[in-house]
Protein chains: 2
Amino acid sequence: MGTIRQDIHSSAIPVVCRECEARHGGICSALEPAELLRLGRHARRREVPAGTELVSAGLPVDTYANILSGVVKLTKLLPDGRQQIVGLQFAPDFLGRPFAGSSSVGAVAASTVRLCVFPRAELEDMARQSHPLEHRLYAQSLRELDDAREWMVILGQKSASQKLASFLLLLGTHIDPTVDGFSDVIDLPWTRADIADFLGLTIETVSRQLTRLRNAEIISIEKNRHVTVLNYPALTTEAGI
Amino acid sequence: MGTIRQDIHSSAIPVVCRECEARHGGICSALEPAELLRLGRHARRREVPAGTELVSAGLPVDTYANILSGVVKLTKLLPDGRQQIVGLQFAPDFLGRPFAGSSSVGAVAASTVRLCVFPRAELEDMARQSHPLEHRLYAQSLRELDDAREWMVILGQKSASQKLASFLLLLGTHIDPTVDGFSDVIDLPWTRADIADFLGLTIETVSRQLTRLRNAEIISIEKNRHVTVLNYPALTTEAGI
DNA sequence: CGGGCGATTGACGGAGGTCAAGTTTAGTGG
DNA sequence: CCACTAAACTTGACCTCCGTCAATCGCCCG
């Protein structure tokens, strides 16, 4: 009985959503088939290379998106040209700042990113009507808030080496959504400059601390981007728990 | 006609809510009279002195609250005893972290704080049923997220003097909810240690930077706690815009 | 092969943390 | 009202960490 209803429903959902990675984890899981159909009509898939500016800080936004794969960095620019990365988003996160004319942060693809894009008005309209959808959005913003505050501690209190270790720990636990625990092989989708922006350091300090961790045989680095964590306990100690 | 209905409604709302400061700005403004009545039945007003621990990080929470007056600081503790203040809340903010068994942050009264406390289960139940209420909660979390990211920039990129200036600007625009713009007389509800924790500095550095601003005649300080902004443009320049 | 970008490494200096007096403020008891 | 005290704040001396500047190396791509 339950399965039959499921089948009827799944046959009613849009074709693009059938095999979608964000269908179950993302905000779409809060939608009824009819709603999914409505949003699906306006949704468009898009794949963008690393470095693509998805949202510009201060500029009006007229689309939102789900992240299907890849990493998006949220940045804030300072008048002098420096930038601070204020958040990272992974699949199947929702990308956008609902109910504000413009975003106060910029969003840039940190790796090749696949998105499911839909018009702003459509989603906001649906959020106003669908309580489960808004609940889902709310839950994500609470998670982002927890993350942001976690990073405030790192930015405010930790030394350069602790920042680096914390950063690697974060990546290991988030970068591969298929692995549940900690993944000890990390392909950095960032340059040293990005890491520096994220941690509030300079590229030189990032570089120095990475070589320090390598010399201590806590990590190994190949071709600048491929990091393997050799000694996980030591890394947590470095991070200052 | 409209006024008559208003009067009927207002006579149906709980007595405690009649004259409530949070009635219109806070989450209660999203509630129907019947809902207000339900929540009001379980609500209790409470006044606590500065320093009272309202929520302990990691411990389960069974109540939420509206802030009626005063300032609440949200803190995160490090293993070594240092702390980072990750947020400030003012009236009529909602205080709590819905849909999580425990809070990842601690909440401490930074001044005398008056609260309207209600049971956790009651509010979560209502949020599940009332879309406008959840929308209100969502809107606040988005605002907090924006604030948190704003502070990440300050923590990550700014110098000690810029941090102090930014801090004073923040306070001037938030501390007195009755003043709409910038209030140039600020009664700090904090010790230097609190300010240091907020800015990721030490008390000595905070003290030095404050005397520097005083010597530059940008601010004046009386009896440690009473700050007057003498030169607002200069303060914004100090803050690095 | 050479130009360019990113990363590494070194030398140096300054901002801010640490340690250690003093000073002011607020609270307490006589 | 005035000592006395504790806590909060200020100020100074010193030193460390990290940012700045600069040279070099390694890799990729034309």
Side-chain angles (χ1 to χ4, degrees), chain A residues 49-51 78 80-84 110-111 154-168 186-216 219-227 238-240, chain B residues 49-51 78 80-84 110-112 153-168 186-216 219-227 238-240:
Chain A
L78 283 112
D80 60 8
R82 288 179 304 168
Q83 67 168 345
Q84 173 69 46
S111 63
I154 292 170
L155 286 174
Q157 304 286 347
K158 297 202 174 180
S159 67
S161 59
Q162 290 179 318
K163 285 180 179 180
L164 249 298
S166 303
F167 179 72
L168 292 174
I186 305 166
D187 277 349
L188 295 177
W190 292 282
T191 65
R192 298 288 185 270
D194 280 332
I195 301 173
D197 287 340
F198 194 64
L199 298 173
L201 299 171
T202 58
I203 47 173
E204 294 92 334
T205 303
V206 170
S207 180
R208 271 186 259 271
Q209 294 304 329
L210 281 176
T211 51
R212 213 183 53 76
L213 288 172
R214 194 181 46 199
N215 290 340
I219 61 170
S220 75
I221 306 173
E222 286 124 44
K223 297 171 90 189
N224 284 342
R225 297 296 190 99
H226 307 281
V227 177
E238 283 286 331
Chain B
L78 284 111
D80 61 7
R82 286 178 305 168
Q83 66 169 347
Q84 173 70 45
S111 65
T112 300
V153 177
I154 292 170
L155 287 174
Q157 303 286 348
K158 297 203 174 179
S159 69
S161 58
Q162 290 178 317
K163 285 181 179 181
L164 248 298
S166 303
F167 179 72
L168 291 175
I186 305 167
D187 278 350
L188 294 177
W190 292 281
T191 65
R192 299 288 185 272
D194 281 330
I195 301 173
D197 287 341
F198 193 65
L199 299 174
L201 299 170
T202 58
I203 48 173
E204 293 92 334
T205 304
V206 170
S207 181
R208 272 186 258 270
Q209 294 304 329
L210 281 177
T211 51
R212 211 183 54 76
L213 288 173
R214 193 181 46 199
N215 291 339
I219 60 170
S220 75
I221 307 175
E222 287 123 43
K223 297 169 100 192
N224 285 341
R225 297 296 189 98
H226 307 280
V227 176
E238 283 286 330

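In what follows, chains are A, B, ... by sequence order, proteins preceding strands, each numbered from 1. These figures come from a predicted structure and were not determined experimentally.
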Enquirer: Can you identify which nucleotide, out of C:dG16, C:dT8, D:dC18, has its nearest atom closest to the A:R192 side chain?
Expert: C:dT8
Enquirer: Is A:T205 near enough to D:dG19 that one of its side-chain N or O atoms lies under 4.0 angstrom from OP1 or OP2?
Expert: yes
Enquirer: Tell me the interatomic distance from B:I221, atom CD1, to D:dC9, atom P, rounded to whole angstroms.
Expert: 11 Å
Enquirer: Between A:K163 and A:E238, is the closest basic N to carboxylate O distance under 4.0 Å?
Expert: no
Enquirer: Take atom CG of A:D197 and atom P of D:dG19, then tell me their distance rounded to the nearest Å.
Expert: 12 Å
Enquirer: Just call it for A:L210: base, sugar-phosphate, or nothing, with non-hydrogen atoms closer than 4.0 Å on any strand.
Expert: nothing
Enquirer: B:R225 near the nucleic acid: base, sugar-phosphate alone, or nothing, with a heavy-atom cut-off under 4.0 Å?
Expert: sugar-phosphate
Enquirer: Between B:R208 and C:dG16, is there a contact of a side-chain N or O with OP1 or OP2 at under 4.0 Å?
Expert: no
Enquirer: Find which nucleotide of DNA chain D each of B:A193 and A:S161 is nearest to by heavy atoms, and output the residue with the more 5' nucleotide.
Expert: B:A193
Enquirer: Would you kindly compare A:L201 and B:T211 by the position of their nearest DNA chain D nucleotide and give the one closer to the 5′ end?
Expert: B:T211
Enquirer: Under 4.0 Å between a side-chain N/O of B:S207 and OP1 or OP2 of D:dT11, yes or no?
Expert: no
Enquirer: Does the side chain of A:T202 get closer than 4.0 angstrom to OP1 or OP2 of D:dC18 through an N or O atom?
Expert: no
